[in-house]
Amino acid sequence: MPSFDNPMMMRQVIMDHYEHPRNKRVIDHPLARSKRMDTSGCIDDIVVYLHVENDVIKDVSYEGVACTISTASTSIMTELLVGKTRKEATNIID
């Protein structure tokens, strides 16, 4: 786990997720839901896909375009939320 107080390490994590985003795809499952998020003052226009069964997140993905920080944070989020309950996911996002 990277040290959050090391700016260079965090920069490397952000750039890695921006250059090699994880889970950038559409979830093709009948239970998957999506939410579009865009920002009028930025290039961010992302659709996030979520597949939840029995209150557990089975899969998270996204597609679209966004700035470096939005792309990296969305990529990181998709890795952190799989296998979590809705409550756990909410705590992580908060």
Side-chain angles (χ1 to χ4, degrees):
M1 180 65 108
S3 173
F4 292 112
D5 59 354
N6 182 334
M8 288 309 294
M9 180 70 77
M10 291 309 300
R11 179 179 165 78
Q12 289 175 344
V13 170
I14 290 167
M15 290 309 297
D16 181 51
H17 277 270
Y18 176 70
E19 293 171 352
H20 310 284
R22 280 57 151 194
N23 302 306
K24 191 171 183 182
R25 58 185 165 74
V26 175
I27 296 175
D28 186 24
H29 191 281
L31 296 178
R33 299 293 178 249
S34 64
K35 173 74 175 168
R36 180 177 178 213
M37 294 175 278
D38 62 339
T39 306
S40 61
C42 189
I43 67 165
D44 299 349
D45 190 1
I46 296 175
V47 178
V48 176
Y49 299 90
L50 185 67
H51 171 196
V52 179
E53 286 186 40
N54 300 319
D55 200 46
V56 175
I57 298 171
K58 299 293 185 180
D59 199 3
V60 184
S61 69
Y62 72 103
E63 67 174 346
V65 295
C67 69
T68 304
I69 296 298
S70 291
T71 299
S73 61
T74 304
S75 175
I76 292 167
M77 177 192 70
T78 66
E79 290 192 317
L80 291 174
L81 299 185
V82 173
K84 304 294 190 284
T85 64
R86 290 178 195 246
K87 183 175 168 102
E88 291 169 327
T90 300
N91 288 337
I92 289 169
I93 292 169
D94 288 342

Taking the side chain as every heavy atom from C-beta outward, state whether E88 and V56 have any pair of such atoms under 4.5 Å apart. no

V48 side chain reached by M77 side chain, heavy atoms, under 4.5 Å: yes

With H51, which residues qualify under ring pair (Phe, Tyr, Trp, His ring centres under 6.0 Å), at least two apart? H29

Contact check, side chains of L81 and L50, non-hydrogen atoms, under 4.5 Å: no

Rest of the hydrophobic cluster containing Y18 (Ile/Leu/Val/Met/Phe/Trp/Tyr, side-chain heavy atoms under 4.5 Å)? M15

Could you tell me whether a side-chain N or O of T71 sits under 3.5 Å from a main-chain N or O of T68, the two making a donor and an acceptor? no

Flag side-chain contact, heavy atom, 4.5 Å: D5 against M10: no

Minimum side-chain heavy-atom gap D44-D38 below 4.5 Å: no

Could you check if a side-chain atom of D59 sits within less than 4.5 angstrom of a side-chain atom of Y49, using non-hydrogen atoms only? no

Does R86, at its CZ atom, have more than 12 non-hydrogen atoms belonging to other residues, nucleotides or ligands within less than 6.0 Å? no

Check whether any side-chain N or O of S34 sits under 3.5 Å from a backbone N or O of V47 as a donor-acceptor pair, and report yes or no. no

Out of curiosity, T74 OG1 to K24 NZ, how far, rounded to the nearest 0.5 Å? 10.0 Å

